[in-house]
Each structure stands twice: as structure tokens, then as C-alpha cells.
Amino acid sequence: MRYTSLITLACSLLASSAIAAPLDSLLPLDGIFNSIDSILSLNTIKAKAVKFPEVHLECTVPGTFALTFDDGPYEFSWDLATHLNKQNITATFFINGLNYVNVAKDSVKTSEGKKTYLQVVKHYMDMGHQVGSHTFTHKVLTGLTASAIKEEMVNLENVVYKATGKKPAYMRPPTGDYDKNALKVLGQLGYTVINWDIDSNDWKTHNLKSEQKEYGSVMGKETGQPKTGHIALNHEVYNQTVTELVPWAIEYVKSKNYRFATVAECLGNSLSSAYK
């Protein structure tokens, strides 16, 4: 339909110029059609320019392990970020703006006193961790309109920017689900999309033995120096995850000769690339 309209417009212009100008001053027909071809080619290029981002399931740098947390921030987040930093471990936090808490308005008691959740978000970065987007309200992206997806992403960007002066360039879709339209919009917004290859299922079981089995199902048979890298999904909003799973996972991952890295770094990028 668009191309037909362009051709109709070109023909109308040709007819108008024929009435208004002498015959020998008219643009040759081959010039007219060359111009039409150029317009059509330009629109074809624009149509092909939409880039769908790759969905990363694992680290591409061998020997790296990305410990990731979803759904925060929450009451455990400040101390978790500090605890990891003291062990020289960097992690990635895919956060919401309005899920367990209202990040822009709520506060929390920490081991270092009362903090706003905006301060918690800044604290993640101060401790060397990466902050990524998990949408504003944890809304599943499949089936949403482009404008609804953009609203979710931009609202979360604004919260992170208010806290840190930066906007995340990496995101994880809630529940890991997405469709073609979601990827198109995320690509247009400049996001790198992250899922996982290890799912602790901590949200479902809240049981260390079950969570250990999930890690072991992927890494259990690995020996020697790692030839691959992993991205593990956990949730910082559960006390059992923070107090039992995380300490165990740290020792287990180290025993497999991996080093911890942010998602950006485990994909071979700098931590600065984590932000727009």
C-alpha cells in the first residue's frame, strides 16, 4: 500500500509539471522512474533495518559465571549486595520499579540504617554490581502492544536514572517469556536480552536440596577448567535464597573453577556497556 501511494504521488507530480512547464524542461521519464526506484529501495532498507536482539542464555566467556537476581529490590537487597562485594563477587540484579515495593517512594531497614529503595539501587552499583531491567511492574511482555512494552521499559529506566544517573541497557523479560513483537520493541530501545541456562527454581521450592539439584543438573558432571560459562536465575526477595542458597552456590561455583562476573562482563563486554 505504501509503495502504491509513492508511485501515485510521483505520477501526480509528473502530470503537474507537464502542465506548468515547457516540454523540453521536464525531467526525463527514466529520471522519474529512477527516483521512484530510489524511494522504494530506501523504504525497503528501512524495513529491513529492524534488528531483533539475541536472547542470551549463557555466558560466552569461558570460565565465567553470572549470578543473577530477579524481582527486587526488597528488604534483603542492601545487605546481599554488601555481602557479595566483601567476597569480591559481582552479580547482576534485574529489578522492577513497582513489584514487591515502590522503589520511588518506599524505604527499608538495613544493617546500615534506614535507606530509601532509590539508595538501594544506587548501592548495587556502588558495590560493583550490574543493574538491569526486569520491567517496571513485572508485566509479562507476550501479547502486549508496542506502546505498553515501551511504557514498562521507559518507566523502569526513569526510576534507575533517578537513583543512579544511568539507564540500563540489559534486560530480562518477566518469567523469561517474550514474542516477536517484544523483541522488536526491545531492539528498537537498544536492549540486550538475558535469560538463563540454570534455573534454581527458588521461587517454587524454597528448598536447598531441590535448588542444589537444579545447579547440579547443569554443572554436576563438569570437571577441570570450564569450557563454557553459565547464567543462573535466583530471586533476592526470598530469605531462604539469600541465607541458604547464595552461600552454598558461591562455594559450589568456586569448586567448579568458575569466576563470578556481571552479565555484561560474562558476555565479553565492559561493565560500562551495561548502561545507555
Side-chain angles (χ1 to χ4, degrees), residues 49-56 66-74 77-78 80-81 84-85 90-108 115-141 144-178 181-196 231 233 236-237 261-276:
V50 177
K51 185 177 181 181
F52 292 88
E54 178 183 354
V55 179
H56 297 276
L67 193 64
T68 72
F69 299 93
D70 286 9
D71 295 358
Y74 195 44
S77 301
W78 181 281
L80 173 60
L84 293 172
N85 173 266
T90 53
T92 302
F93 295 84
F94 291 102
I95 69 170
N96 303 118
L98 187 62
N99 188 4
Y100 280 77
V101 299
N102 184 329
V103 175
K105 297 180 178 180
D106 294 346
S107 300
V108 61
K115 305 292 181 181
T116 68
Y117 275 105
L118 290 173
Q119 289 176 308
V120 174
V121 174
K122 175 71 160 50
H123 185 63
Y124 289 136
M125 289 191 188
D126 290 344
M127 294 293 100
H129 307 302
Q130 178 179 344
V131 175
S133 173
H134 199 40
T135 75
F136 185 67
T137 64
H138 201 271
K139 188 172 289 185
V140 177
L141 300 182
L144 293 186
T145 63
S147 60
I149 295 169
K150 184 176 181 180
E151 182 179 12
E152 282 286 323
M153 301 308 298
V154 171
N155 284 347
L156 192 280
E157 286 180 5
N158 291 339
V159 169
V160 176
Y161 185 82
K162 185 176 181 180
T164 68
K166 298 179 180 180
K167 296 181 179 181
Y170 288 64
M171 71 83 61
R172 171 173 285 157
T175 72
D177 291 324
Y178 55 87
N181 181 56
L183 287 182
K184 178 180 178 181
V185 175
L186 293 171
Q188 291 171 338
L189 293 174
Y191 278 96
T192 297
V193 182
I194 307 297
N195 269 343
W196 58 84
I231 300 174
L233 168 63
E236 67 188 276
V237 295
T262 63
V263 164
E265 293 166 326
C266 92
L267 294 178
N269 303 315
S270 65
L271 183 55
S272 62
S273 76
Y275 308 102
K276 298 181 182 180

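All of these numbers come straight from a predicted model, not from anything done at the bench.
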Residues Phe69 and Ala91: closest non-hydrogen pair is CE1-CB, 4.0 Å

- Message: Can you tell me if Lys139 has over 12 outside heavy atoms packed within less than 6.0 Å of its NZ?
- Response: no

Residues at least two apart in sequence or cross-chain that pass side chain to side chain donor-acceptor pair (under 3.5 Å) with Lys122, listed by chain then number, are Asp126

### Task
If the plane angle is over 60° it's perpendicular, under 30° parallel, otherwise tilted; pick one for Phe93 and Tyr124.
parallel

Rounded to the nearest 0.5 angstrom, the CZ-CG distance for Phe136 and Asn99 is 10.5 Å

Treating Asn85 as the side-chain partner and Ala81 as the backbone partner, does any N or O pair qualify as donor plus acceptor under 3.5 Å? no

- Under the 3.5 angstrom rule, does the side chain of Asn96 hit a backbone N or O of Thr135 as a donor-acceptor pair? yes

In terms of heavy-atom contacts, Phe52 and Lys184 come closest through CE2-CB, 3.4 Å

Here the pair of heavy atoms bringing Cys266 nearest to Ala66 is SG-CB, 4.0 Å

Smallest heavy-atom separation, Gly128 atom then Thr90 atom, equals O-CG2, 3.4 Å

dist Glu236:CD -> Thr68:OG1 (nearest 0.5 Å) comes out at 10.0 Å

Per side-chain contact (heavy atoms from CB on, under 4.5 Å), Thr92 is matched among Leu67, Asp70, Thr262 by Thr262

Next on the checklist: Run Leu141 and Leu186 through side-chain contact (heavy atoms from CB on, under 4.5 Å) and show every step you take.
Outcome noted: CA-CA 10 Å; Leu141 300 182; Leu186 293 171; 4.2 Å; yes

ask   = Can you find a heavy atom in the side chain of Leu183 that is under 4.5 Å from one in the side chain of Pro53?
value = yes

Distance col, row Met127:CE vs Leu80:CG, nearest 0.5 angstrom, shows 12.0 Å

Here the pair of heavy atoms bringing Ser107 nearest to Tyr117 is O-CE1, 3.5 Å

The ring-ring contact (aromatic ring centres under 6.0 Å, His included) partners of Tyr100 (sequence neighbours excluded) come to Tyr74

The reported gap from OG1 in Thr192 to CG in Asn269 (rounded to nearest 0.5 angstrom) is 7.0 Å

Q. Taking the side chain from Gln130 and the backbone from Ala264, do they hold a donor-acceptor pair closer than 3.5 Å?
A. yes

Only one of Leu156, Thr116, Leu118 passes side-chain contact (heavy atoms from CB on, under 4.5 Å) with Val103, and that residue is Leu118

Go through the side-chain N and O atoms of Ser133 and Glu157 and say whether any donor and acceptor fall under 3.5 Å apart. no

message = If you apply the rule side-chain contact (heavy atoms from CB on, under 4.5 Å), what do you find for Met171 with Val193, and how did you get there?
response = CA-CA 5 Å; Met171 71 83 61; Val193 182; 4.1 Å; yes

Does the side-chain contact (heavy atoms from CB on, under 4.5 Å) test come out yes or no for Ile194 and Ile231, once each step is laid out?
-> CA-CA 9 Å; Ile194 307 297; Ile231 300 174; 4.0 Å; yes

Separation between CD (Glu152) and CG (Leu144), nearest 0.5 Å, reads 7.0 Å

For this session: Given side-chain contact (heavy atoms from CB on, under 4.5 Å), test Leu189 with Lys276 step by step and report yes or no.
Result: CA-CA 10 Å; Leu189 293 174; Lys276 298 181 182 180; 4.3 Å; yes

> Can you tell me if His134 uses its side chain to pair, donor with acceptor, with the backbone of Arg172 under 3.5 Å?
Replying inline: yes

CG of Leu233 to CH2 of Trp196, rounded to nearest 0.5 Å, is 5.0 Å

Taking the side chain as everything from C-beta on, heavy atoms only, tell me whether Val108 gets closer than 4.5 Å to Trp78. no

| Any side-chain heavy atom of Thr164 within less than 4.5 Å of one from Val131? | no

For a 4.5 angstrom cut-off between non-hydrogen side-chain atoms, does Glu54 reach Leu267?
no

Ser77 and Val120 have their tightest heavy-atom pair at CB-CG1, 3.8 Å

